Amino acid sequence: MDDQHQSHEVADDLSPTRRSFYIKFIYGIMTAIGAALAAPAAIYLLFPPKIPKEGQWVDAADLASLPTGTPEEISYQRTRVDGWKVTSEKATAWVLKKPDNQVIAFAPQCTHLGCAYHWDDPSHTFVCPCHTSAFSIDGKVLAGPAPRPLDRYEVKVDGSRLQIGPLEPHA
Amino acid sequence: MHNKIIEWLEHRTGIQTAIKNFLYEDIPASSGWHQVIGSMAVFFFIIQVFTGGLLAFNYAPTPGEAYNSVKYIMTELTGGSLIRGLHHWGASMMLIIVVLHMLQVFLYGSYKKPREATWMMGVVLLLITLAFGLTGYLLPWDNRAYWGTVVTTQIAAQAPLAGPYLTRLLGGEGSVGNVTFSRFYALHTVLLPPFTMILIGIHIYLVRKHGVTPAVNDTAPRRKFFPEQVFKDTVGVSIAFLILFMMAVFARVPLGRLADPTDTNFIPRPEWYFLFLFQTLKFFKGPLEAIGSVVLPGVAVLTLFLIPFIDRAPLVRLGKRTFAFTFAALALIAWTGLTTAAIVTTPKTTEADETAPGAESLQAWQQLTPEELQGLAYFQKEKCKACHPGAGKRGIGPDLTQMIPAHRDAAWMIPHFKNPAQVVPGSSMPPVQLDDAGLNALSAFVLKLTPQNEQGLLSAPDFAVQGALIYQSKHCDACHQIAGAGKKIGPPLDGVGQHRDRAWLEKHFVDPKSTSPGSMMPPYKFTPQEMDAICKYLLQLPKAGG
């Protein structure tokens, strides 16, 4: 840019070395200050909060009340750390009790774009109304744009009660 | 490619010419270091806008939630306390810099014709800087913020004629609460920032219109603003920024307890730069109070505003401006004197910083489970101290802080409580008349005693002991957990005060479903005293592991 400014330089009786030192200093300091502000800002906005993830196991349903072999949508109350607040909220899951009393709990959103899907008994599939993704009873993708099987919650059975935990990591 | 983009931009917007015109302004040969402060003030305004915007990303602008979100920024977010530090200390430094800028202009007589409007715009900017400080002070919603603002709104209420209207405008009618908070927040973040930007723009426009003030008899050829003067500005800015950054890193910005309108022990004080006004007030009693709170400051501001019209003499050399120097020196002495007096005469607050590391584990009783606290209640009721006076003191009975070293446990302790002489032949201790649950609690408490914590535990506040007694008698532990004791059917209550406030808890006890839809918890009816104790107790529970 310097040659474009020659007409102005004439008015200044600064030596070229001095002038170039000034300009380098100005750019250097401004860059340093910019970095000293941008780095903490990026860390502040992008790093996850330090709040420890709790066990998040919730008592969700009575095992005996679940039908065997047909998925059932259950709703339960769970607490969630939401920023500076712990909120208690309603949550749902599609739960399948198998004949051997094994339980699978699917997260209630389609893995495509998060729409709520439902169980379609005649076709024996989970169907998402948004983009017609279809999933088998064990969550495998049968049709549509869904990129992966239905997400599952960790489950455990405590006596006759079904406990629902955090999401299983994706395979 | 790079050149082509610049060419296109220049042709379509003229941006390059605009920047050149801005940077290659002619300035007098006599300009120099004394004129860098104005640029520094602009720089600090930019810092405040930047850090303020970042804080707003994680800030909930309602009382109660505001406090929790500031605490969240300070303790849960990486870099959060640095950002708040930059904003907090930046506010103070910006005020100092604005005042220094004004002082320089005043001493050099740069407000004289034709620059009167520039000066007056500067006075308005000073007042706006103070308004930023005043409104921002409330936003953390801790005791300091709350009580400081109570005093501010009361002062505004004393203004002759305008008092009641000002109070209503600030939402301070009745008390400082939601309305005042929202108005301060709106002023601080919505109205003042763009208003300030416009005024800074006008101020700089006026500086450019009249040019930088030359010294008397400065006939040397004029120079360019860039790069020499910009270099000097940059040096000033970098030094100030370095100081600010150091302060943000090393000087913790405190966050006191959540604002408590019933706290009668808190001594309100304003931010340091308002202390001189705070002190001035003390000289005027009764009906004269408005003189100190409104009339004097009003006259001072008006005088400052009208200085270009009061002093209309032609500009003279800096060394000859004796009156200006005397005036500035007197003002500085008065300000320092009043501020010092205010600091000396106001007792220090003893409020702990709620976000300091380890602040949560400060009190001994906070480390006890509800059952152990219940045991403490029985310990006091049964007057155990009469015979067991404590570590290092001689009493009828043995030192109870030595039970663990003496290998005593609950299995030994409980039969001993029921029938002392049977366990310890010859003991003159009377049997303790409690049911099994009570004896369990008492033994749990006694086994917690150590020479270090004894004093602290025995002076546990009443609300903690009573609160824990209620907690135990209502069997809250059948669903809730505190310090690892109890079931987890409901949410654990450790650190519940971080997320909930008193109003929420009270509502929750009366009708749990109103605050937590779907809650299985039954409603509880407490007397006002019981409600007070259980709420205070729960709200002061430390976080798990704290």
Side-chain angles (χ1 to χ4, degrees), chain A residues 1-2 4-5 7-14 18-30 32-34 36-52 54-59 75-91 161 163, chain B residues 6 16 20 23-24 26 43 47 50-51 53-55 57-60 65 67-73 75-80 82-83 86 221-224 226-228 230-235 237-238 241-242 245 248 488-492 496 498-500 515-520 544-545:
Chain A
M1 64 178 275
D2 281 4
Q4 291 156 7
H5 292 162
S7 58
H8 295 283
E9 264 175 70
V10 184
D12 262 329
D13 51 356
L14 287 172
R18 213 178 164 83
R19 186 184 162 80
S20 123
F21 164 73
Y22 283 160
I23 292 174
K24 278 184 191 145
F25 183 88
I26 293 164
Y27 286 164
I29 290 289
M30 289 306 171
I33 290 176
L37 287 173
I43 290 170
Y44 167 80
L45 291 177
L46 297 175
F47 274 38
K50 295 174 203 157
I51 294 172
E54 286 165 50
Q56 293 177 336
W57 284 93
V58 192
D59 180 85
S75 71
Y76 54 98
Q77 203 70 24
R78 70 168 173 210
T79 55
R80 189 165 61 90
V81 176
D82 184 4
W84 44 91
K85 241 179 156 174
V86 176
T87 50
S88 175
E89 60 183 14
K90 206 183 122 194
R161 304 292 302 175
Q163 312 258 340
Chain B
I6 290 181
Q16 211 181 6
K20 266 192 224 166
L23 287 179
Y24 292 95
D26 284 330
F43 171 78
I47 296 257
F50 182 73
T51 52
L54 285 174
L55 289 175
F57 279 162
N58 285 300
Y59 176 74
E65 289 233 357
Y67 176 82
N68 287 336
S69 61
V70 173
K71 204 167 189 177
Y72 168 80
I73 290 172
T75 57
E76 305 296 345
L77 293 180
T78 313
L82 176 71
I83 303 287
L86 288 171
R222 293 166 76 76
R223 295 182 298 131
K224 298 290 178 195
F226 185 82
E228 195 173 11
V230 175
F231 163 78
K232 288 174 181 165
D233 286 1
T234 310
V235 171
V237 161
S238 60
F241 182 72
L242 203 65
F245 205 85
K488 268 191 156 179
I489 295 168
V496 68
Q498 314 234 327
H499 310 295
R500 305 295 191 202
T515 47
S516 310
S519 170
M520 287 154 59

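Chain letters run A, B, ... following the sequence lines, proteins first and then strands; every chain starts at 1. Note that the coordinates shown come from a computational prediction; the quantities given were computed from them, not determined experimentally.
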Quick check on the interface: out of A/Ile29, A/Leu37, A/Ile43, who has the most heavy-atom pairs with chain B under 4.5 Å? A/Leu37
Hey, could you give me the CD/OH distance between B/Glu228 and A/Tyr22, rounded to the nearest 0.5 Å? 4.0 Å
Quick one: what part of B/Leu54 sits under 4.5 Å from any heavy atom of chain A, side chain, backbone, both or neither? both
Rounded to the nearest 0.5 Å, how far does CG of A/Leu14 lie from NZ of B/Lys224? 12.0 Å
Whatever's closer than 4.5 Å to a heavy atom in chain B on A/Ala36 counts as both
What pairs with A/Tyr44 under ring-ring contact (aromatic ring centres under 6.0 Å, His included), at least two apart in sequence or on another chain? none
Between B/Ile73 and chain A, which part of the residue has a heavy atom less than 4.5 Å away: side chain, backbone, both or neither? side chain
If one checks every heavy atom of B/Ile489 against chain A at 4.5 Å, the contacting part turns out to be neither
How long is the span from the CZ atom in B/Phe231 to the NZ atom in A/Lys24, to the nearest 0.5 Å? 13.5 Å
Heaviest contributor of heavy-atom pairs below 4.5 Å to chain A, chosen from B/Leu77, B/Val235, B/Thr78, B/Asn68, is B/Thr78
With A/Arg18 via salt bridge (charged side-chain N to carboxylate O under 4.0 Å, His left out) - residues at least two apart: none
With only heavy atoms counted, which part of A/Leu45 is less than 4.5 Å from chain B, the side chain, the backbone, both or neither? side chain
Option in A/Met30, A/Gln77, A/Lys90 with maximal non-hydrogen atom pairs under 4.5 Å from chain B: A/Gln77
Around atom NZ of A/Lys85, are there more than 12 heavy atoms of other residues, nucleotides or ligands at under 6.0 Å? no
Do B/Val70 and A/Trp84 have side chains that approach each other closer than 4.5 Å (heavy atoms only, starting at C-beta)? no
Contacting moiety of A/Phe21, where chain B heavy atoms sit under 4.5 Å: side chain
Tell me, side chain or backbone of B/Asn58 under 4.5 Å from chain A's heavy atoms, or both, or neither? both
